[in-house]
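Structure first, commentary second.
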Amino acid sequence: MSARPWQQVIDFYSDVVKGQKPLSALLGTTCLSKNKIYNSVECVNSQNRGGRWARLTFKIVVSYHGGSFDGWQKQPDLYTVQSVVEQSLGKFVDDKKAQMLKDRGLPLEGAATVAGRTDKGVTALNQVCSFYTWRKDVQSQDIADAINIAAPGKLRTVSVTEVSRVFHPNFSAKWRHYLYIFPFNDDEEDTEQSNETGENTQKFKIKDNHYEHEVVSDKCNEENVGNLIITDDVELETEKKPQMFSVSRVNKLLQKLEGKLLSYKLFARDTKASRNEGPPTECFVFHARARECRLPCSEHEKGRRVMCIELVANRFLRRMVRVLVATSIREAAAGADEDALLKLMDATCRRATAPPAPPDGLCLVDVGYEEFDPLDCLISKE
């Protein structure tokens, strides 16, 4: 999957983050009502508060370009979104915390709690984090301005609102909304044809499903599935002849996931052992669709042909979206039944699913704090 024009996808996401292009330029739809930015949990009156309720809590919605950062989470010697945001928030820290940081020899930074961490290369259009301070003179616009000047063109503030201290970006969220853009190569532009079912098919190279892994036992079962290490950047030894897959087939495979609470442990990677069994692995998918679109780019007058995959769920496991994308493409090319993804839920080894698709195509579109509304989806249910 790496030998594809990902740079055009990266450039498109960059333009969207900068506000130079709307996401609707890709899907031709009005994107998101955004009414969930202001909801009941966030309605606060900052006056006449005392005691533990006297602190100010802010909900911060940011947009950032995945290709410009080493992911969200702060890590030593890496340029991450969290490090930039927290450095910007340092000037709003209250005196008590500022002194504590100084006594410990730590930099003056605020603490940002996030709705969900994103990996290196993953873009976010409406990532949600929160910050609180005991200072009474901090204004929402001050926070927005501080973040906006920290990394121009790479990171910008969408909104900053004062919220109730009960608000938590992660635990208060009711759904997450992702979009994956999969680009077709130039030599694939004219290879579309109809198969015996009448579906348009796309030529795509599928490689043998070999994985590098380390396990203590030769057996791959429920007990050791969480310890299986799968390398993302796998160089596969042999290559099959080009096979065909259709976007409509991918769409049908994904639709079978909608409206079901399922364990996605086989579609996760690098998870903690405590999150490999039971409820921690269960996700409810509200919306799962695929559609062919045209990506605006200067190299193609009509835009580059791409497949967009949209997923909305109450939660996602680590790398789950990227594994779902890669596996759905693989199964579509193999001519699998429409319930193939559901059948994989019963597998006992993560080698049954494909390695994660490249992070460059993935984008966190939004995080919702009200009930899921299908009208906010980018790909409609036809």
Side-chain angles (χ1 to χ4, degrees), residues 1 66 71-73 114-122 124 127 170-171 173-180 182 209-217 219-234 250 253-254 256-288 309-331 336 339-365 367:
M1 283 192 178
W72 166 271
Q73 187 176 14
V114 72
R117 296 173 296 180
T118 53
D119 291 334
K120 178 180 179 180
V122 178
Q127 174 68 284
N170 187 2
F171 303 139
K174 295 188 176 181
W175 48 263
R176 281 86 172 166
H177 182 183
Y178 280 93
L179 177 71
Y180 194 94
F182 179 85
N209 197 19
H210 295 168
Y211 300 89
E212 297 177 5
H213 57 91
E214 300 175 7
V215 290
V216 177
S217 169
K219 296 181 180 179
C220 187
N221 51 34
E222 294 292 339
E223 286 70 27
N224 63 30
V225 66
N227 299 321
L228 182 63
I229 300 174
I230 298 179
T231 305
D232 288 349
D233 302 322
V234 182
V250 173
L253 285 164
L254 293 171
K256 293 294 183 179
L257 305 178
E258 294 182 347
K260 298 179 179 68
L261 180 65
L262 300 168
S263 172
Y264 284 85
K265 63 183 178 183
L266 273 300
F267 292 85
R269 296 292 186 270
D270 301 336
T271 52
K272 296 180 181 179
S274 61
R275 300 181 67 87
N276 285 325
E277 296 295 335
T281 71
E282 294 176 350
C283 306
F284 185 90
V285 175
F286 295 101
H287 180 87
I309 292 180
E310 182 179 30
L311 296 169
V312 183
N314 65 332
R315 57 196 290 259
F316 289 94
L317 306 182
R318 181 166 173 77
R319 298 185 180 175
M320 172 179 153
V321 175
R322 292 162 54 195
V323 174
L324 269 175
V325 169
T327 305
S328 62
I329 292 175
R330 186 196 70 185
E331 295 301 309
D339 61 350
L341 296 180
L342 293 176
K343 291 179 179 178
L344 284 172
M345 303 291 176
D346 298 325
T348 58
C349 180
R350 285 180 174 170
R351 286 179 295 174
T353 54
D360 312 88
L362 186 58
C363 174
L364 172 62
V365 177
V367 182

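On a predicted model such as this, the values are computed, not experimentally measured, just so you know. The first residue in the sequence is number 1, and the count goes up from there.
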Please find the pair of heavy atoms, one from Arg315 and one from Leu317, that lie closest to each other, and give the distance.
NH2-CD2, 3.9 Å
Roughly how far apart are Leu341 CG and Lys256 NZ, rounded to 0.5 Å?
11.0 Å
Scanning both residues in full, the closest heavy-atom pair of Glu331 with Ala340 reads OE1-CB, 3.8 Å
Does a donor on one side chain and an acceptor on the other come within less than 3.5 Å for Asn170 and Arg176?
yes
Min side-chain heavy-atom separation Phe284-Lys260 under 4.5 Å
no
Rounded at 0.5 Å granularity, tell me how far CZ in Phe267 sits from OG1 in Thr281.
12.0 Å
Validation row: Pro359, Lys120 side chains within 4.5 angstrom (heavy atoms):
no
Please check if the side chain of Gln127 supplies one atom and the backbone of Val367 the other of a donor-acceptor pair under 3.5 Å.
no
Which pair of non-hydrogen atoms, one from Ala354 and one from Val323, has the smallest distance, and what is that distance?
O-CG1, 3.5 Å
So OG1 of Thr118 and CH2 of Trp72: to nearest 0.5 Å the spacing works out to 8.0 Å
Tell me whether Arg350 contacts the main-chain N or O of Pro355 through its side chain, where contact means a donor paired with an acceptor under 3.5 Å.
no
Contact check, side chains of Tyr180 and Pro358, non-hydrogen atoms, under 4.5 Å
yes
In the structure I gave you, are the side-chain heavy atoms of Leu342 and Leu262 within less than 4.5 Å of one another anywhere?
yes
Hey, could you give me the CG/CH2 distance between Asn314 and Trp175, rounded to the nearest 0.5 Å?
12.0 Å
Considering all heavy atoms, the nearest Glu258-Ala288 contact:
OE2-N, 2.8 Å
To the closest 0.5 Å, what do you measure between NZ (Lys265) and OG1 (Thr353)?
12.0 Å
For residues Ala357 and Val325, report the shortest heavy-atom separation together with the two atoms involved.
CB-CG1, 4.1 Å
Exercise: identify the closest heavy-atom pair between Phe316 and Met320:
CD2-CE, 3.7 Å
Would a 4.5 Å heavy-atom cut-off, applied to side chains only, mark Val365 and Glu310 as touching?
no
Identify which one of Ile309, Leu257, Leu253 satisfies the side chain to side chain contact (heavy atoms under 4.5 Å, CB included) criterion when paired with Leu324.
Leu257
Would you say that more than 12 heavy atoms from the other residues, nucleotides or ligands in this model lie under 6.0 Å from the CZ of Arg117, or not?
no
